[in-house]
Every structure is written in C-alpha cells, then in structure tokens.
Number of protein chains: 2
Amino acid sequence: MQLEKIIQKLKEKGCKITPQRRAVIQSLLNFSKFPTALEVFNDIKATNPDVGLDTIYRNLNLLVEIGIVNSINLPGKDVKVFELSIDGHHHHLVCLNCGQADCLDYCPIDEQGLQTAAGSEFQITGHSLEIYGYCHKCKSALK
Amino acid sequence: MQLEKIIQKLKEKGCKITPQRRAVIQSLLNFSKFPTALEVFNDIKATNPDVGLDTIYRNLNLLVEIGIVNSINLPGKDVKVFELSIDGHHHHLVCLNCGQADCLDYCPIDEQGLQTAAGSEFQITGHSLEIYGYCHKCKSALK
DNA sequence: CTAATTGCAAATAATTTGCACTCGT
DNA sequence: ACGAGTGCAAATTATTTGCAATTAG
C-alpha cells in the first residue's frame, strides 16, 4: 500500500507520524484529481474537524520538500495544486475550464535536442510541460 | 518602432493612451529580462513618481487580455513575470537561481503526436513548456 | 462632454509565521 | 522528557477593487 511506503520514507527523515499528517497523505491518495491545499483541507475536515488549514500547508510543503509530492501552478489561477509523484517523469493534461489535471505518460521532449537548441550557455536540468485544452466533460458542456 | 505599433492596437480596441500606459509598454520594451509587476512599477517610478502600483497591474492585465503580453509564473515563486509577446510561439529557459527567463525559438512539440497520446477524450488547444536550469552567470557562480 | 483611467486606501486570497501548548517516540 | 508538530490568530505577499477625482479623445 502506498500510504505505508510514504510513511516509511517520512520516518527515515526523522519525521513524526501524526494523525493529520497521515490524513493529508491519505487524502492525496484518495483524490482522483490534483487538489488544492484548500480542497485537501475540506476533505480532511469532514472526518477530522479540528485540523487547521496551516497544518495542511505545512504538511504539503514538507511532502514537496521530501520529493513525494510536487506542486503545479495552473495558468490563470493563483493556486497551486498538489500531486503525488510516486511515478516518474510525466506531464499533464490541464483542463482550462474545470482545472482538472490528468497525467500523460508521454514525453515528446528530446533533452539532447533541447540542449543543442538552448546553446552551451544554459545548463538544462529539467523541464515542465503542461498541455492545455478541454476535458471530455467540459468539451461537451461548452458546446 | 514597437511602441507605436502597440499603441495603435490599443487605440483600435478603444483604449485611451495615457502617459502611464505608455510608460508601462515602454518599460516592458526596455527590460532585458521579464519583469514582475513590481519591477515595472519601480522602473516607472524613477521618472514618474506618482504612478500607483495598481495602475501597473491594471495596464499589465489589459495588455495580457489584448494578447500583447503574456504572464508566466515561475516555479517556486508566487510572482508572475510579464513578457511582451510580439513574436509567436516559443518557450523559455528559466534560470532556477536568478529567475531570469530567456526565449528559446525552438519547439520540440508535435501537437499531432501529442493529441494521439492524449486520446480523443481530451481536446488540446495549446501547451506551455518551460525549460529549467542554470544560466551562464549562475552556473559559474554556484560552482 | 463623458467614458475610460487614475490614485488612493481598503479588500481579497493564498500562504506563512510566531507562539504557547500538545503529542509522538 | 524532548523536540517535532499542532491550532490559533496575526502577519505577509501578491494582486484586486470601490470610489471620487482626473483626463484623453
């Protein structure tokens, strides 16, 4: 199970496993989309009304630091959404209407060719590709 | 000159050309990097101490709406930087250390192949590719 | 003239932080 | 017990908005 594996990693880093920390991870696992901090908060509040939003932020940031989660900022919005990054390199299909982001296990980027295009002045370490458009639901709804 | 061309476009949209609006455009033209709203503000304040930061924001947003400028959000930071988009489709080399962003006139994306990979459920309308790494200055400085 | 634009100050919105208290180990 | 973690409220940061006064066309 994913939860335990992540908790294991946290323990290795010397972090304590509190109920709210466990809840944050569990919540991320449950979401079928990439939630904002607020959405995680509301999700957890349902079963655990005493959590503070700041605790959610602190835990999300911790997970980002550890490398278990990455934060993506959607264009236009000033919110970040959080994604469990258990799997490796991939990109996202971001719906411009509802904000839903899905993973796309396909990377058209040729780092080698990119480095050539960028020239030797700039040392490439990574890239982020977000693909914008409309998801199935929104595509039909907007018609 | 670029300034006049942009002003022409604004006039077509029925916008008035105020000194501060002209100053915002001129400032964007002058910058050798992509500035934040605050940087544009400070630049303009030097010669025109009475402008309000809000006017800068309003004008930048106007220019974004008209399509003359696009706003990019840097990873990690919660600021947007603004770029004159006189030229067409291109991407950016973003320095993770100093935040400087340069244009890269190269696009490795094959929209066709991408659409195939995404499947027919999702209708692609565009994409954003940011390339991260270290610029020449920071590369040597960090060594 | 008159609608767009401005500057100011106050309002939001997202996120962070200081602090005393609590809880995991 | 001890320090990491929490909840609260206040602080910060980036940006937006209401409004009365100003100004471009």
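Bear in mind that the values here come from a model prediction, so they are computed numbers and not experimental data. Chain identifiers are assigned alphabetically (A, B, ...) following the order of the sequence lines, protein sequences preceding nucleic acid strands; residue numbering begins at 1 within each chain. Atom set for the values below is all heavy atoms of this structure, side chains included, hydrogens, waters and symmetry mates excluded.
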K.L.:
Go through the structure and list residues passing ring-ring contact (aromatic ring centres under 6.0 Å, His included) with A:Phe122, not counting sequence neighbours.
P.N.:
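Result, ring-ring contact (aromatic ring centres under 6.0 Å, His included) vs A:Phe122: none returned.
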K.L.:
Taking atom CD1 of B:Ile109 and atom NE2 of B:His91, what is their separation to the nearest 0.5 Å?
P.N.:
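Interatomic distance, B:Ile109 CD1 to B:His91 NE2, rounded to 0.5 Å: 5.5 Å.
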K.L.:
Nearest-Å distance, NZ (B:Lys80) to C1' (D:dT13)?
P.N.:
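Value for this atom pair: 12 Å.
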K.L.:
Decide whether B:Leu104 and B:Tyr132 are clustered together by the hydrophobic rule: side chain heavy atoms of Ile, Leu, Val, Met, Phe, Trp, Tyr closer than 4.5 Å, transitively.
P.N.:
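Unlinked, B:Leu104 and B:Tyr132 end up in two clusters.
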K.L.:
Look at B:Glu121 together with A:Lys139 and state whether they make a salt bridge at an N to O cut-off of under 4.0 Å.
P.N.:
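Here B:Glu121 does not pair with A:Lys139 in a salt bridge, since their nearest N and O are not under 4.0 Å apart.
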K.L.:
Taking B:Ile68 as the starting point, is it possible to reach B:Phe31 by hopping between hydrophobic residues whose side chains are less than 4.5 Å apart?
P.N.:
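Result: yes, single cluster for both.
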K.L.:
Does the side chain of B:Asn61 get closer than 4.0 angstrom to OP1 or OP2 of D:dT16 through an N or O atom?
P.N.:
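For D:dT16, OP1/OP2 do have a side-chain N/O of B:Asn61 under 4.0 Å.
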K.L.:
Can you tell me the distance, in whole Å, between the CD1 atom of B:Ile56 and the P atom of D:dA14?
P.N.:
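Taking atom P of D:dA14 as the reference, CD1 of B:Ile56 is at 16 Å.
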K.L.:
Quickly work out the B:Leu38 CG to D:dT13 P distance and round it to whole Å.
P.N.:
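Atom CG in B:Leu38 sits about 11 Å away from atom P in D:dT13.
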K.L.:
Between A:Leu10 (CG) and D:dA4 (P), how many Å, whole number?
P.N.:
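Interatomic distance, CG of A:Leu10 to P of D:dA4: 15 Å.
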K.L.:
Would you give me the side-chain donor-acceptor pairs under 3.5 Å for residues 6-16 of chain B, sequence neighbours excluded?
P.N.:
none

K.L.:
For A:Phe82, which of A:Val24, A:Val40, A:Ile56, A:Leu60 qualifies under side-chain contact (heavy atoms from CB on, under 4.5 Å)?
P.N.:
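The option that passes is A:Leu60.
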K.L.:
How close do A:Ser27 and A:Ile44 get, heavy atom to heavy atom, and via which atoms?
P.N.:
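Scanning both residues completely, I find the closest heavy atoms to be CB-CG1, 4.1 Å.
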K.L.:
Between the side chains of B:Glu111 and B:His127, does any donor sit under 3.5 Å from an acceptor?
P.N.:
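The answer is yes; a qualifying pair exists.
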K.L.:
Test of understanding: with ring-ring contact (aromatic ring centres under 6.0 Å, His included), list the residues that count as partners of B:Phe34, not counting sequence neighbours.
P.N.:
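Scan of B:Phe34 (ring-ring contact (aromatic ring centres under 6.0 Å, His included), adjacent residues dropped) gives B:His92.
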K.L.:
Dot-bracket, DNA chain D: Watson-Crick or G-U, under 3.5 angstrom, [ ] crossing, | other strand?
P.N.:
||||||||||.|||.||||||||||
K.L.:
Can you tell me the distance, in whole Å, between the CG atom of A:Leu62 and the P atom of D:dA4?
P.N.:
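Roughly 12 Å, once rounded to whole Å.
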K.L.:
Base contacts versus sugar-phosphate-only contacts with protein, heavy atoms under 4.0 Å: please encode nucleotides 18-25 of chain D as B, S and - from 5' to 3'.
P.N.:
B-----BS
K.L.:
Do B:Ile131 and A:Ile72 belong to the same hydrophobic cluster, where Ile, Leu, Val, Met, Phe, Trp and Tyr are linked whenever their side-chain heavy atoms lie under 4.5 Å apart, directly or via other members?
P.N.:
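Looking at the clustering, A:Ile72 is in a separate group from B:Ile131.
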K.L.:
Using the heavy-atom set of chain A and a strict 4.0 Å cut-off, write down the first and last nucleotide of DNA chain C that makes it in, 5' to 3'.
P.N.:
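Under 4.0 Å from chain A, the extent on DNA chain C is C:dA14 to C:dT25.
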